[in-house]
*Asks:* 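Sharing a structure here in structure tokens format.
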Amino acid sequence: MPELPEVETIARGVNERLRGDRIVEAWFGRHPEPFKTPAARQARGLEGRVILAVHRTGKHIVCELGAADGIELSNPSLPQQAKIARREPRSRKDQPQVLRLAALAQNDNRVEHPGAEVGHPVAGLGELESEPSAQWIVHLGMTGRLLVSTPDAPVAAHTHARLSLASGRELRFVDPRRFGRLEYRELSRKDGFRAPGADPLEVTAAEFARLFSGRKLFIKAALLNQKLLSGVGNIYADESLFRAGIRPRRRSGQLTRAELEELRLAMVQVLEHAIRLGGSSVSDYVDADGARGFFQLEHCVYLRTELPCRRCQTPIRRIVVAGRGTHYCPHCQR
DNA sequence: CATGTTTCCTGACAGC
DNA sequence: TGCTGTCAGGAAACAT
């Protein structure tokens, strides 16, 4: 199940490999509607476009796309768009993609994914050769994969999209369980896509505390709510709570300010460590090259029911919270 | 609005 | 062996 570290790993991998490549042809299987955008419209929109950059927001992978060669946009309000992107940001919501991409670029220096060379940083939009005029947004759901492969590689079952590229390679979207979503949007009409909640790696202590105070729901349910934080899923909610020493059924609003800060720091450490290890391969997660991650080897509680706690040897307990399997140490977490 | 519940979907696995 | 039943789980839709 791809969460923030897995999605980040895939986005970096695709960015390193496909940046500057051109989509020559887009093929979509007819099976997996509903996409968020009808397949025919995606294909029409994607074909001919250049991939300027690929990055992550929340659990979404965003491909920034340049205009197709020799084709004028039908809705040329681009000068307007460019003006918006250069303006000083007034509020968080107004922040242009430029800043987020720049932040990603800094992050990139810390990557030590064993399965891949350290990549060149993701450029800010200002460094791109041209302004993005469209985006292809990929959500992997539970079992989605985004793979860079050669055209002659065997097509896996449940392959729902294949983008043929000018370099001769293909970008494939495979998703057996079909919880994944594909969306195409043109930027002349809407602002660039951003996940609905705060980014777990960038959220400030004050913002984090504000998000989680005054709520009655279980802290685990709050961590999973993408409208509060975007990117944390079941694995990293459990691992973050363990690291912070907080029980998953504590009420979000009952946590002290100190506990919330403890939780935020634990979450950041867990996520950054997981990114360094290329994510967790628990079911069938692989990165853009088909390589597995290694963070599952360092899980302290997730899927460790009845196994001894790594800190105190107490057997790990499994309960259900917010409809999700939830794992914790009854001794280390209070 | 806030929160809880149901639904989608298929591979894996248990039980007979 | 091979069938049936159950379950996991992200997020949208629906219910309270």
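Quick note on labels: first sequence line is chain A, next is B, and so on, each numbered from 1.
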*Asks:* At under 4.0 Å between heavy atoms, how does the protein contact nucleotides 9-16 of chain C? Give one character per nucleotide, 5' to 3', with B, S or -.
*Replies:* BBB-----
*Asks:* Could you list the residues that satisfy salt bridge (charged side-chain N to carboxylate O under 4.0 Å, His left out) with A:Arg243, not counting sequence neighbours?
*Replies:* none
*Asks:* Under the rule for salt bridge (charged side-chain N to carboxylate O under 4.0 Å, His left out), what residues qualify as partners of A:Arg215, not counting sequence neighbours?
*Replies:* none
*Asks:* Which whole-number value in Å describes the distance from A:Phe212 CZ to B:dA2 C1'?
*Replies:* 15 Å
*Asks:* Name the residue closer to the 5' end of DNA chain B, choosing between A:Lys216 and A:His158 according to the nucleotide with the nearest heavy atom.
*Replies:* A:Lys216
*Asks:* Taking side chain to side chain donor-acceptor pair (under 3.5 Å) as the cut-off, I'd like each qualifying pair that reaches into residues 146-156 of chain A, sequence neighbours left out, listed once.
*Replies:* A:Ser149-A:Arg172, A:Thr150-A:Asp152
*Asks:* Using salt bridge (charged side-chain N to carboxylate O under 4.0 Å, His left out) as the criterion, list what pairs up with A:Arg247, not counting sequence neighbours.
*Replies:* none
*Asks:* Roughly what angle, to 10°, lies between the helix axis at the start of the helix from B:dA2-C:dT16 to B:dC16-C:dG2 and the one at its end, five pairs per end?
*Replies:* 40°
*Asks:* Could you work out, with side chain to side chain donor-acceptor pair (under 3.5 Å) as the rule, every residue matching A:Lys220, not counting sequence neighbours?
*Replies:* A:Asn234, A:Asp238, A:Thr326
*Asks:* Can you list the residues that meet the ring-ring contact (aromatic ring centres under 6.0 Å, His included) rule with A:Tyr328, with sequence neighbours excluded?
*Replies:* none
*Asks:* A:Arg304: what forms a salt bridge (charged side-chain N to carboxylate O under 4.0 Å, His left out) with it, not counting sequence neighbours?
*Replies:* none
*Asks:* Identify whether the distance between the nearest side-chain nitrogen and carboxylate oxygen of A:Glu183 and A:Arg185 falls below 4.0 Å.
*Replies:* yes
*Asks:* Check the distance between B:dT3's C1' and A:Arg215's CZ and give it to me in whole angstrom.
*Replies:* 10 Å
